[in-house]
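This report refers to the structure that appears directly beneath it.
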Amino acid sequence: MEYSFSKLEKKWQERWTADEVYRVANNSPKPKYYVLDMFPYPSGKGLHVGHPLGYIASDIFARYKRLKGFNVLHPMGYDAFGLPAEQYALDHGVHPADSTRMNIENFRKQMDRIGFSFDWSREVTTSSPGYYRWTQWIFLQLFNSWYNRGEKKACPISSLVAAFEKEGSKSIAGYRAIDEFTASEWKGFSRKQQQDILMEFRLAYCGYGEVNWCEALGTVLANDEVVNGVSERGGYPVVKKKLRQWYLRITEYADRLLEGLDTVAFSDAMKEMQTNWIGKSYGAEIDFEIADTGASDQQKLRVYTTRPDTIFGVDFMVVAPEHALVPQLTKAEQQKEVEAYLDYVNSRSERERMAEKRITGCFTGSYVLNPFNSHRIPVWISEYVLSGYGTGAIMAVPCGDERDFKFARHFGIPVTNIVGKHFNGEEANPTKDAILENSDFLNGALMRDAIGIVIERLESAGIGNRRVNYKMRDAAFSRQRYWGEPFPIKWENGIAYALDEKELPLLLPEVKNYKPGPDGEGPLANIPEWTARHLETSTMPGYAGSSWYFLRYMDPHNNQTFCDRKVSDYWNQVDLYIGGTEHAVGHLLYSRMWTKFLFDLGYIGFDEPYRKLLNQGMIQGSSRFVYRVEIKENEALEAKLRQQPLFVSHGLSKLQGRELLNAIQPELEKIAGKDFRFNPDQMVLSPIHADVNLVDGLELDIPAFKAWRPEYALADFVLENGKYLCGSETEKMSKSKFNTVDPTSLVEKYGADTFRMYEMFLGPLEQSKPWDTKGIEGVHRFLRKLWRLFYDETKGKVWTNEPATAAELKVLHKTIKKIDEDTEKFSFNTAVSALMIAVNELGELKCHKKEVLEKIVVILTPYAPHICEELWHELGHQTTVLDAPYPVANQQYLVESEKQYPVAINGKTRTELNISLDATQQQVEALVLGNDTVQKWLDGKPPKKVIYVKNKMINVVV
RNA sequence: GCCCGGAUGGCGGAACUGGUAGACGCGUCAGACUCAAAAUCUGGUAUUGGCAACAAUGUGCAGGUUCGAUUCCUGUUCCGGGCACCA
């Protein structure tokens, strides 16, 4: 009987589905375990071998935990709202709902072949009304909440209204730049005034602000969706634009997002990325009086600095071009220059600014006074100061800050040295460990200590105060697009009103075209019925639905609430979350914030969503290249080569000019004839991606390549050693590079079990690695060897009920221990190796004992579930192997009584000795020193000491 | 520029708290089976020298600590990832 994997895998997949074996209940006497994958965006391109990597890992762990006696929640769904589906709709006229449905079907079909243990009865799709109803609901909770800094948690907005009615703006002093008001003033405000103030506090709010506007996509983007000044999706230019937008007040959670990192098991790299994104810094705000202004219209320039200790090193001030005081600061004689500079700044796109950082700037003509010694300090404008951070103005200390120093040098501003020999006049020194000089009352103080001294002085003199700043900004939460959750918001007289919860879901209406609406509004603005109801016309961004999906899996069919509190109390946090690092600062921060928010309001009982996060590495493509001969500026020859292309093998691809011509002359003459003359220096070889599936290792399958594309049908090849070898390069896996490998075709050829194990065998999960199909045979061979322990091709069944020998049990228990340890620490690649070794060893021992095989089958089940289920039943079991008890390694078979030890003298191995494992140090010493070889080497001299490393070796030090 | 991570045979990668470096797989070589090939099985395979036993050298590079270093320390090169005027 042969191992016919395709029949067997189909059989069990059907059986498992029919029996609903993966269905999991929301209660159980067993302990719970929640294994989650980052759900996919169902793109039209389908899966390549890189996608299932994380799913296979999570599936192995989910099955392992189940065998270990846990009630395991392991769901899957689709992050279905988003730009690409809409872009596709614009281009092809297919409704996003339809293309999404088709893509989901395709994804599902591909995933099903791999044999995952997902509980599909819990599937969620973020674009289905039953799901986004609750996304809208959570949005309403955010809209109706504010962040109470005193209590460090979100509270209902009604509590803020109550506070205003009772004591005016007292309780929110220092929150935001809002004019103070008393309780009676509050009551006297118009409805609009009141709502405008409340809007400043809502956790989901609408406001005007600089946003990242992407013209090509016709929408705004969040900061993490902009990479190097262009859109993450599509790579289109992004400009800053002032627009009315919805925001998520994630900045209020900055501290808790930071502190929460201590309570979760994320990689250090991941924690650091989030920490940097949040970017907390400690410093002070300082007011500088603007010189030469009258006492009546006294203006102050406020700066933020982390280094108040350098206050006497301030040689100039810089304000951002967008700073509100620019017009007042600009003196008449500088007017022209400032205007020209502002024009220049506006002409530069975000991308240009990032690409080349020029030192630019312009003097305003104004001066401010140093608050401690009243020195006059010139005020400049420069684009290197960002309007969005701190106060949009800085005090420049060239001797301590590299940027300030370069600016000073560029514009010839004299530099004050406050750190003595620590500053060499050539570059700034940002040290905190220097003793201050030229610094008035700070002279002689260590900079590190001076920071606090200055802040105290500032605060007591009322010219500044301690201040914490964050790089993180509030997250832009609206998109001028169609394919997203509609906001449950209605506008009346410029006031945003929440829809009643009973009106949810606010269904996404059908549209005829997906083109943007007027005035930068979304496509929903084109629908008269929509605008007639004064509904918000933008939709929510892609990350809205993914910010809470892990909760919906727990209670996916509940239509009373997003997730019953009892159910979320049971499943609690995600125990293991597997996905890529690309969501480090997007999805992971947003979902952590939503979790904290829902916790604050008491809807769930935990405030971090993911207990442990594992980042799988990317699987890169291994591209193959063929080298095509092109002859420039010779149209007649080129025409011939277009008809009959000529490719040279990789080994010859480095040749040029005359040498190249010599190598390819015969083939070229066949195509072009003998009479052609041309300059060999105009001959170039251009590398062209060849489909990896047409290449075996590096050798091109020439007939298959010719059949691949009509234009290559007549191609000719210059070979080396009778073969055409391709060049290779590791690149991102992508259809356009023809380096994608389709998992389904591999499953068809080798079976799902082989495919799963091979993906794990490739290397450590967290490491990025190039895909190479070659090695898959080895894993396949392993499963066939395993099969042969049960069945012989001629004899049929060979397994027996005979008792196992000690040697066989030793192999078994060693393997159980190893697999258990490796799986527990997610070292799946070494676990697969250990399983291979076990099967090899059992094969050598000709072990066909049920007693041994049965346990091997169970520990192998998470890795290769189909073959194990089949063999489990073959061994006479009636129930599924999924519920088998996980074997325990028996120490008895792991301990050896005697072992051969290498004996080294000063680190060099000289001989080997058999030593009983319970021997004492003295016994070992006597044995070693009594040995002839050792004696010979010692040459009569006594050794300094004998080092006996149990289970390892013995070293004699002389 | 700053912050992380990495570098081990022809290749992917093993190696527990410092203890025989190269497990396992691929590739390759040899052999068995075969008329032959494929498939399968068995064995060899870090490098250099030697028929061999064996010897020497070997974990990016240069040092250091140690009886002993892929592992720890210092410096350095290269590669990958993240951040990038955040004052």
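FYI, side chains are in, hydrogens and waters are out, and symmetry mates aren't considered; it's all heavy atoms of this structure. Convention: sequence-line order gives letters A, B, ...; per-chain numbering from 1.
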Among residues 614-623 of chain A, which contact RNA chain B at a heavy-atom distance under 4.0 Å? none
Ion pair check, A:Arg409 and A:Glu426, cut-off under 4.0 Å: yes
Within less than 4.0 Å of OP1 or OP2 of B:U40, is there a side-chain N or O belonging to A:Arg784? yes
side-chain hydrogen bond (donor to acceptor under 3.5 Å, both in side chains) partner of A:Arg307, chosen from A:Asp309, A:Thr305, A:Thr310: A:Asp309
Over 60° means perpendicular and under 30° means parallel, so classify the ring planes of A:Phe411 and A:Phe407, tilted if in between. tilted
By nearest heavy atom, map A:Val956 and A:Lys471 onto RNA chain B; which one lands nearer the 5' end? A:Val956
Minimal heavy-atom distance between A:Val839 and A:Leu786, with the atoms involved, is CG1-N, 3.7 Å
Presence of A:Ser382 side-chain N/O under 4.0 Å of B:C85 phosphate oxygens OP1/OP2: no
Pick the closest RNA chain B nucleotide for A:Tyr304 and for A:Met953 by heavy atoms, then say which residue is nearer the 5' end. A:Met953
Who is the Watson-Crick or G-U wobble partner of B:G80, with both distances under 3.5 Å? B:C4
According to the Watson-Crick and G-U wobble definitions, with both distances under 3.5 Å, which nucleotide is paired to B:A15? none
side-chain N/O A:Arg788 vs B:C41 OP1/OP2, d < 4.0 Å: yes
Regarding A:Asp315 and A:Thr416, do their side chains bring together a donor and an acceptor under 3.5 Å, going by distance alone? yes
Kindly point out which of B:G13, B:C85, B:A39 is positioned nearest to the side chain of A:Tyr384? B:C85
A:Thr364 side chain to A:Val379 main-chain N or O, any donor-acceptor pair under 3.5 Å? yes
Between atom CD of A:Gln767 and atom CG of A:Asn829, what is the distance when rounded to the nearest 0.5 Å? 8.5 Å
Please list, pair by pair, any protein nitrogen or oxygen found under 3.5 Å from a nitrogen or oxygen in nucleotides 3-7 of chain B.
unit_1, atom_1, unit_2, atom_2, d
B:C3, O2', A:Glu272, OE2, 2.0

Please produce a list of atom pairs where a protein N or O lies less than 3.5 Å from an N or O of nucleotides 23-28 of chain B.
unit_1, atom_1, unit_2, atom_2, d
B:G25, OP1, A:Asn840, ND2, 3.2
B:C26, OP1, A:Arg781, NH1, 2.4

How far apart are the closest heavy atoms of A:Tyr384 and A:Ile394, and which atoms are they? OH-CD1, 3.8 Å
Is a donor from one side chain sitting under 3.5 angstrom from an acceptor on the other, for A:Ser623 and A:Asn739? yes
Pairing donors with acceptors under 3.5 angstrom, does anything connect the side chains of A:Asp772 and A:Ser622? no
